[in-house]
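Labels below follow one simple rule: chain letters A, B, ... track the order of the sequence lines, proteins then strands, and each chain is numbered from 1. Below, all heavy atoms of this structure are taken into account, side chains as well, without hydrogens, waters or symmetry copies.
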2 protein chains.
Amino acid sequence: MMGEKPVRKPRPTLMDVARKAGVSRATASLVVRKSPLVGAETRASVEAAMAEIGYVYNLGAAGMRAARSRTIGVIIPNLSNPFFGVLLAGIDQVVDGAGLATFIAHSSESAGKQDGFVTRMREHGVDGLIVCPAAGTAPRFIERLTDWGMPVVEALRTVGAGVVDYVGMDQSGGMEGAVARLVDLGHSRIGFVTANLNHSAHDERLAAFRAAMARHGVASAIEIEIDPTHGEAMALARQMAGTQDAPTAWVCHNDVIGLGMHRGFSDCGLVPGRDMSLIGFDNVAETDLVRPGLASVATEPVEIGVLAAQLLLRRIETPEAEVEIRRVPSHFVERGSVGAARG
Amino acid sequence: MMGEKPVRKPRPTLMDVARKAGVSRATASLVVRKSPLVGAETRASVEAAMAEIGYVYNLGAAGMRAARSRTIGVIIPNLSNPFFGVLLAGIDQVVDGAGLATFIAHSSESAGKQDGFVTRMREHGVDGLIVCPAAGTAPRFIERLTDWGMPVVEALRTVGAGVVDYVGMDQSGGMEGAVARLVDLGHSRIGFVTANLNHSAHDERLAAFRAAMARHGVASAIEIEIDPTHGEAMALARQMAGTQDAPTAWVCHNDVIGLGMHRGFSDCGLVPGRDMSLIGFDNVAETDLVRPGLASVATEPVEIGVLAAQLLLRRIETPEAEVEIRRVPSHFVERGSVGAARG
DNA sequence: CTGAAAGCGCTTACAG
DNA sequence: CTGAAAGCGCTTACAG
């Protein structure tokens with residue numbers, strides 16, 4: 001058994017490998033780095049030596065000389081939101097595929113924690129950073145990173161678009177689809193429920209809503225800002241259920257709010273899609289679990305993650321490349337929570 | 001503006017700091033490491049020098065000599081499951097508090113990918129590893145890590161319990177509560193829906209169910225294994241809705257299955273809690289969104305993450321410490337999906 | 001509290 | 001393709 005003496009064994013070095021294989025250390029180094037300069041026979045014997053003595057490449061030492069760590073950092077504002085888990089999976093897929101490792105940090109929407117992380121990541125010598133800025137992050141945050149010469153890509157939210165690469169979603173396509181469908185169904189009193197978070201995606205969604213409403217010649221009945229939690233959204237729906245002349249249709253900043261309102265209306269005996277229409281945003285898996293299903297706007301977190309990682313790798317490779325901004329389209333997904341307006 | 005020449009500036013070294021402050025490099029090093037050996041005045045002047053020239057501590061170089069990286073690795077099988085996001089937040093909280101950074105890797109339940117990650121983490125010189133083993137991981141996986149002398153803690157699932165520290169959940173408390181409540185309500189035909197995943201938490205849940213059933217003198221009506229997806233669970237519920245003598249109550253391996261069955265039964269016009277009883281596992285936030293709410297067994301992902309990180313830090317500090325196994329209690333949470341058995 | 005020396009494990013030119 | 005030398009930026013004893 002163990003647990004008695006799990007003492008860390010001294011790791012063999014490249015010198016040990018070289019000695020074992022009867023070559024110089026430089027040659028062994030070339031083999032490790034898969035250089036084509038080494039002959040097949042030599043390579044085989046070095047690799048055999050490595051296997052035999054249990055050699056482990058020391059990336060830290062290599063990086064110190066080579067001035068790169070084969071490491072990137074990712075800063076995520078909210079790990080409890082499944083949306084970010086999926087985004088992370090997309091990033092990981094590309095970064096891992098390129099042979100790099102990912103540091104993760106969880107800002108909990110705190111710009112202060114975020115500042116600390118950035119310093120730590122820099123001390124660890126990350127080759128680049130993907131950041132989804134915490135709510136309330138100042139543009140100064142990104143400037144500091146670029147002053148350092150740190151390759152940076154913003155994802156989902158931006159405070160420095162135009163200065164660094166950015167991959168966000170195009171809110172307008174999905175929002176237009178949602179509003180157009182509501183208008184088609186005869187709704188003219190349409191409300192928007194936004195979240196009290198200060199970040200670009202929030203502002204863009206609200207702006208996209210207003211633009212779509214204007215395009216269809218409808219005035220927004222009401223815009224309400226709440227904490228983006230199930231509980232707050234349920235409370236709002238219960239209140240609205242008893243309100244005279246409340247909107248006949250609601251668009252919500254995200255599915256957390258949409259699902260909460262769905263439950264709140266249902267608790268009051270109102271059926272979404274019949275008594276009022278309800279649309280969320282993000283199209284998370286749970287929209288299919290409630291009855292009737294919650295219509296939503298689909299965004300592509302995996303694709304956004306993949307693109308962000310690709311842009312970062314490019315930026316690391318080519319620091320002087322043009323700043324690039326990518327917007328991943330969104331589209332409306334209809335479900336039972338949407339129906340015709342009632343007289 | 002930038003985007004033109006974000007060339008990485010050469011970082012100042014400790015030698016630069018020492019020169020600037022008029023001290024030796026060793027003294028500067030002591031200041032960086034917050035050693036008490038340095039006088040207040042000297043410290044102040046060194047710190048001023050660091051600030052002035054924009055010094056950034058090079059953790060890679062420091063770690064090479066000190067033989068520790070102030071870095072740990074975490075291997076997670078499924079980032080799309082919000083449960084793991086929350087677990088990660090718990091881990092991060094402790095690790096970050098201790099001043100270490102976290103590498104994350106996403107195995108997607110693949111033991112093969114997992115092997116690759118472990119090698120890479122080792123090359124990066126992580127000080128320790130928290131692993132939630134992918135389904136199907138062989139015990140050999142953990143043995144290899146301990147052979148290397150790598151500090152390891154298993155979380156949520158174990159293939160090497162007794163050999164390394166492990167923090168899991170105690171399935172039995174919550175399961176007993178769930179089964180006891182069903183029996184109380186007069187149910188005698190109780191089914192269990194398990195997931196086709198091969199890992200310890202899966203086996204434990206099934207065993208806990210059987211034990212609770214035996215304790216109450218009930219024979220399981222049926223045990224069914226499915227893909228743990230909403231779709232499969234919905235399909236199963238629809239099938240069961242039309243089955244003569246189907247169980248009057250169901251316990252599910254997790255909330256993904258529970259929520260899927262909830263929707264499936266509802267689609268057939270059956271109301272959980274009235275026409276049959278339904279209990280999930282994990283108590284995710286979404287259990288409160290469906291109507292009636294899905295009863296579930298609450299486990300504590302944050303606490304499990306916190307404990308796992310604490311055990312790892314201890315193990316790194318004290319490699320020879322006794323192997324420790326911790327089980328975080330679970331408890332039954334009743335909601336509307338549970339009701340009296342009908343004649 | 002400080003200085004000079006050696007070394008952590010690798011890569012980078014540079015000469016063969 | 002190979003070898004000997006220097007250096008990446010820090011920490012660790014060790015003598016003052």
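- Residue contacts for Val23(A): at a heavy-atom cut-off of 4.0 Å it reaches the sugar-phosphate backbone alone, with no base atom in range.
- Looking at Arg315(A), its side chain does come within 3.5 Å of a backbone N or O of Ala321(A) through a donor-acceptor pair.
- In this structure, His124(A) and Phe103(A) have tilted ring planes: the angle between them lies in the 30° to 60° band.
- The distance between atom CZ of Arg43(A) and atom P of dT2(D), rounded to the nearest whole Å, is 11 Å.
- Contact annotation for Ser24(A): base contact, defined as any heavy-atom pair under 4.0 Å involving a base atom.
- The Thr42(A) side chain lies nearest to dC1(D) when the options are dT2(C), dC1(D), dG9(D).
- Arg65(B) places its CZ atom 17 Å from the P atom of dC8(D), with the value rounded to the nearest Å.
- The pair Arg157(A)-Glu109(A) meets the salt-bridge criterion, since a charged nitrogen lies less than 4.0 angstrom from a carboxylate oxygen.
- Look at CZ on Arg25(A): it is 14 Å from P on dG7(D), rounded to the nearest Å.
- The partner of dC14(D) is dG3(C), by the rule that a Watson-Crick or G-U pair needs both atom distances under 3.5 Å.
- One can place CZ of Arg19(A) at 13 Å from C1' of dG9(C), the figure rounded to the nearest angstrom.
- To the nearest angstrom, C1' of dT11(D) lies 13 Å from CG of Leu59(B).
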